[in-house]
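Everything on this sheet refers to the single structure shown next.
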Amino acid sequence: MKSYRWMQAGLVFLMWLLLLALPVKAASNGGMDVQQTGASGRQVKLSWKRPGQAVRYKFYYKFASDKAYKHLKDVNASGQNCAGTFTLPKAGRNYHIKIVPYDKKNKAGTASQFKDCRTAPGKITLRSQKSYATSASMKVYWNAVESAQGYEFQVMDLYGGLVKRFKVEKKSSATLTGISAGAFYHVRIRGYSRVGKKDFYGAASDTYIAQQPRVKFKWASHCVVKAYWPAVEGAMSYTVYVSENPSRGFRKAATTFDRQAFVPGLSRNRKYYAYVVANMRKGKKTYASPKTNYYTFRLQMNED
């Protein structure tokens, strides 16, 4: 009976030694339960579970469109639940992460891959804007950021008062409603990456927008017309553009600090097209209302 117990204990001891000698095993694609827990600029936070007897890990990365992985960082960790912070080359990008575990004898286990690692979005670049004065709204367009799963807008008046705040998801345009034609607005936009149920925001981009002024015209003399428009709060100047054929472009006819300008050098009974841009100066940068609409006028036949 005693010998049987000794044999049983010996078998258990041998099995334990065999387990120690086995290489680290971790199934690919989530075998280590790799999770992203945070994002900030170029940095991401990752957590993972220890496979087997792993004591060291090699991390590799690649952009989603790349073929080969590049070495990122080595991490020494022997706990069952591991975590680390990693700095990737660029903000605003999606990455694939590969982790190779090693045991005390430097034997490599099976790699795990995490294919949805996102750095926080970088600054958003606004591309263009359109004015819709008839509906008191504007549409703004921006360059989409790869890692952004949505964008947050803050619209403020020139005194810092919040007009509205809203989010859009997986788009590169948004319509701002309730925008008065009589003022510039301060708009702040930032992208966010969603990690789990939490949104991590990138740096904010600031711009100033205003609806395009409505323009009216009045005869002034035999070859001159007066263009006039309502004031736009925050505008330091206005620029008038005129064309005989919009498909061939517009010429600058006048720049003024007033709410009216005289456009000379016109011909009778000819149709003209014009629009006005409101200009706002902030620091060293000038912001302008869009050029969505143009307005038409014609000099009268019976001018003297």
Side-chain angles (χ1 to χ4, degrees), residues 126-142 155-161 163-164 173-187 206-304:
L126 291 175
R127 193 170 73 246
S128 61
Q129 57 193 50
K130 291 183 178 180
S131 183
Y132 296 94
T134 54
S135 61
S137 65
M138 288 187 64
K139 194 164 188 177
V140 294
Y141 302 81
W142 60 90
V155 183
M156 295 161 281
D157 60 30
L158 295 180
Y159 308 100
V163 176
K164 63 173 57 181
S173 65
T175 300
L176 310 182
T177 58
I179 302 299
S180 168
F184 270 91
Y185 291 85
H186 178 190
V187 176
D206 293 271
T207 190
Y208 292 83
I209 64 169
Q211 276 197 348
Q212 181 180 348
R214 293 173 177 266
V215 188
K216 295 183 179 180
F217 306 91
K218 185 176 181 180
W219 170 78
S221 70
H222 69 283
C223 64
V224 178
V225 72
K226 182 177 79 170
Y228 57 101
W229 53 89
V232 178
E233 185 181 13
M236 69 165 190
S237 66
Y238 304 89
T239 307
V240 183
Y241 294 88
V242 176
S243 174
E244 294 181 25
N245 186 344
S247 64
R248 296 178 183 175
F250 286 77
R251 63 178 176 87
K252 185 188 295 186
T255 297
T256 177
F257 298 101
D258 203 352
R259 293 187 295 109
Q260 64 181 27
F262 293 94
V263 181
L266 306 177
S267 301
R268 294 184 180 185
N269 200 31
R270 183 172 293 178
K271 192 175 183 179
Y272 291 94
Y273 307 83
Y275 63 83
V276 170
V277 170
N279 306 298
M280 177 183 180
R281 187 79 173 176
K282 196 72 176 178
K284 296 181 179 180
K285 190 170 183 179
T286 298
Y287 299 89
S289 60
K291 306 172 183 179
T292 308
N293 306 305
Y294 50 75
Y295 302 85
T296 60
F297 66 90
R298 186 189 301 268
L299 292 183
Q300 298 176 9
M301 287 288 294
N302 60 351
E303 295 170 0
D304 297 327

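In what follows, residues are counted from 1 in the order of the sequence shown. Side chains included, hydrogens not; waters and symmetry mates left out as well; all remaining heavy atoms used.
Rounding to the nearest 0.5 angstrom, the gap separating the CZ atom in Phe184 from the CE atom in Met236 is 9.5 Å. Once rounded to the nearest 0.5 Å, the distance linking CD of Gln129 with CG of Leu176 reads 9.0 Å. The structure places NZ of Lys216 at 5.5 Å from OH of Tyr228, a figure rounded to the nearest 0.5 Å. Atom CD1 of Ile179 is separated from atom CE of Met138 by 7.5 Å, given to the nearest 0.5 angstrom. Of the inter-residue distances, the one linking Tyr185 atom OH with Ser180 atom OG reads 4.5 Å to the nearest 0.5 angstrom.
Residues Arg298 and Asn269 share a closest heavy-atom pair of NH1-O, 3.4 Å. Pairing each heavy atom of Ala231 with each of Tyr238, the nearest pair is CA-OH, 3.6 Å. Taking both residues in full, the closest heavy atoms of Val163 and Asp157 are given as CG2-N, 3.7 Å, listed atom of the first, atom of the second, then distance.
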- Query: So Trp229 and Val240, side-chain contact (heavy atoms from CB on, under 4.5 Å) or not? Walk me through it.
  - Reply: CA-CA 11 Å; Trp229 53 89; Val240 183; 3.8 Å; yes

- Message: Test side-chain contact (heavy atoms from CB on, under 4.5 Å) on Lys226 and Trp219; report intermediate values, then the result.
- Response: CA-CA 6 Å; Lys226 182 177 79 170; Trp219 170 78; over 6 Å; no

- Item | Working for ring pair (Phe, Tyr, Trp, His ring centres under 6.0 Å), residues Tyr295 and Phe217 | CA-CA 9 Å; Tyr295 302 85; Phe217 306 91; 7.3 Å; no

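Neither side chain, Asn279 nor Thr286, offers a donor N or O lying under 3.5 Å from an acceptor on the other. In the model, Thr177 has a side-chain atom that pairs as donor or acceptor with a side-chain atom of Lys164 under 3.5 Å. Donor-acceptor pairing under 3.5 Å is lacking for the side chains of Thr256 and Asp258. No hydrogens or angles considered: a donor-acceptor pair under 3.5 Å links the side chains of His186 and Asp206.
Looking at heavy atoms from C-beta onward, Met280 lies in side-chain contact with Leu158 at the 4.5 angstrom threshold. The shortest distance between side-chain heavy atoms of Phe297 and Val225 falls below 4.5 Å. Using a 4.5 Å heavy-atom threshold, the side chains of Val242 and Tyr273 count as separate. With a 4.5 Å cut-off on side-chain heavy atoms, Thr296 and Tyr272 do not count as touching. The shortest distance between side-chain heavy atoms of Gln212 and Tyr275 falls below 4.5 Å. In this structure the side chain of Ile209 never reaches within 4.5 angstrom of the side chain of Tyr287, judged on heavy atoms.
Between the side chain of Ser243 and the backbone N or O of Gly249, at least one donor-acceptor pair lies under 3.5 Å.
Among residues two or more places apart in sequence or in another chain, the side-chain hydrogen bond (donor to acceptor under 3.5 Å, both in side chains) test is passed with Lys291 by none. With sequence neighbours excluded, the residues satisfying side-chain hydrogen bond (donor to acceptor under 3.5 Å, both in side chains) with Arg270 are Glu244.
Under the side chain to side chain contact (heavy atoms under 4.5 Å, CB included) rule, Ser131 has a single partner from Ser137, Pro290, Pro213, Ser289, which is Pro290.
Within 6.0 Å of CZ in Arg251 there are more than 12 heavy atoms belonging to other residues, nucleotides or ligands.
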